[in-house]
Amino acid sequence: MKLSGVMACLLLVGMAFAGAGDGSWLRKVSEKDRARLNPLANDPDAAAAGAKVYAEHCASCHGDNAEGKMQGRHYRPNLHSRRVKEATPGQLFWMLTNGSLRNGMPSWSRFPEPERWQLVTYLKSLH
Amino acid sequence: MRCFRFRAVCRISVLSFCAGLGSWPALLQAQESYFVTYSHQMEEPGNLEIAVKSVTGAPKGGNPFVATALEFEYGVNGWWTAELYIDGQSTIHESTVFTGFRVENRIRPLLREHWINPVLYFEFEDLNAADKALLEVVGHDTREDLIPRNSRTEKEHEAELKLILSSNFKGWNVSENFIAEKNLGPFSWEFGYALGTSRPLALKASPNACNFCRENFALGAELYGGLGERHSFGLSETSHYLAPVLAWDVPHGPSIRVSPTFGLNRDSNGFLFRFMLSYEIDQFFSRLRGQP
């Protein structure tokens, strides 16, 4: 009885962790965060600076050209995807800030806000 | 005598720093802003960080020393980071000794970013009395602990718990650590604290590739010390240190941290100098398997 209880708990935890990369994170972004505007959207240097930050910290998982790639058994998403294209700057900023720790996307909150917005500008420039 | 001691500390510092730079290809970039304080920053999943953390000092009444902890930090997943430390030290006129190891795990219970982000920390230490790595100050640790001749006969098996609270706000990181340590023998709980704050010199990245851009540098400070034991809790009869920290992250290269450390009371060592060289290997096991 005790063992079956443990197995049931493990199964539940496994199920909770299984929702990887399905875009469900978009539903977690509050309306206020979703509507945030990129303060650097018109900064001529922002995309280039974001590309530099991307190459340093993101390319190892998402690929040099943001094309996505397999890492072991995990697929790291293609950032040219429709989901990223249709995401608002606020949603992308939310993702960079919070990550998706269960699914392997770290939180980049250690980057100052302007640097995260530079990354958002770069991601939007891919489309 | 003081002049000799200062020169000895400088010599050891420079030698150790050069030794670290000499092993550049084998060492790879850190994200820890501090030496003693932990923030809520976890290692990225699959990445392995290798770091050499050293501290050098010349305790009054003792011999100058340099103690080094070789650190391997691995991101098991987004909310769990595991670390192994291998400690050793060298004391002038005495010996160079291996002083033990530490295994630690950090777990982030809340998966989203909050105003204050807690992290739970568990560590097991198997060290001998010669250890001088000073990766934390607890109980009634004082400068007297740095004076006895190197001896590996006294073993310490300790469990350490930390509550790490950390916040990022407008480019600043502010971290607070509360430490509880228990020698697994018949000893009481010891307590300590560590506080840290740091900020990059620029909040925006520059569009051009550069090693010396301001965003690659961060300035901060740490304050840490003991809080006594279970039956003698308090700030007295223990050491306290204040330490400015300068960090330089070389793009696609190693990270370098230096920290002149000042003792704040007569139980503290007057001056210590800390330095760290670290490098992060992206997706370590994928690389081992030959995946790009």
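Computation of the quantities below employed the complete heavy-atom set of this structure, encompassing side-chain atoms and omitting hydrogens, waters and symmetry-equivalent molecules. Residue numbers start from 1 in every chain, and the chains themselves are labelled A, B, ... in the order their sequence lines are given, proteins ahead of strands.
- Neither the backbone nor the side chain of B:Asn117 comes within contact range of chain A; no heavy atoms are under 4.5 Å apart.
- The two residues B:Cys213 and A:Lys52 come nearest to each other via the heavy atoms SG-NZ, 4.2 Å.
- Without hydrogens or angle criteria, A:Glu56 side chain to B:His252 main chain gives a donor-acceptor distance under 3.5 Å.
- Within a 6.0 Å radius of CH2 in B:Trp80, no more than 12 heavy atoms belonging to other residues, nucleotides or ligands are found.
- Interface check for chain B: of the options A:Asn98, A:Thr97, A:Asp43, A:Leu40, the most heavy-atom pairs under 4.5 Å are formed by A:Asn98.
- At least one side-chain heavy atom of A:Arg102 sits less than 4.5 Å from a side-chain heavy atom of B:Leu111.
- Heavy atoms of B:Asn168 lying under 4.5 Å from chain A belong exclusively to its side chain.
- Remark: the A:Ser109 side chain and the B:Glu113 side chain contain an N/O donor-acceptor pair separated by less than 3.5 Å.
- What you find for B:Arg108 and A:Ser107 is that their closest heavy atoms are NH1-CB, 4.1 Å.
- Between A:Asp45 and B:Lys204 there is no salt bridge, since no side-chain N of the basic residue sits under 4.0 Å from a carboxylate O of the acidic one.
- The shortest heavy-atom contact between A:Pro114 and B:Leu203 is CB-O, 3.5 Å.
- Proximity to chain A (any heavy atom under 4.5 Å) is shown, for B:His114, by neither the backbone nor the side chain.
- Within 6.0 Å of CG in B:Leu201 there are more than 12 heavy atoms belonging to other residues, nucleotides or ligands.
- Note on B:Pro200, B:Gly171, B:Ser206, B:Ala209: by heavy-atom pairs under 4.5 Å with chain A, the leading option is B:Ser206.
- Taking both residues in full, the closest heavy atoms of A:Gly104 and B:Pro45 are given as O-CG, 3.5 Å, listed atom of the first, atom of the second, then distance.
- Heavy atoms closer than 4.5 Å to chain A are found in both the backbone and the side chain of B:Pro207.
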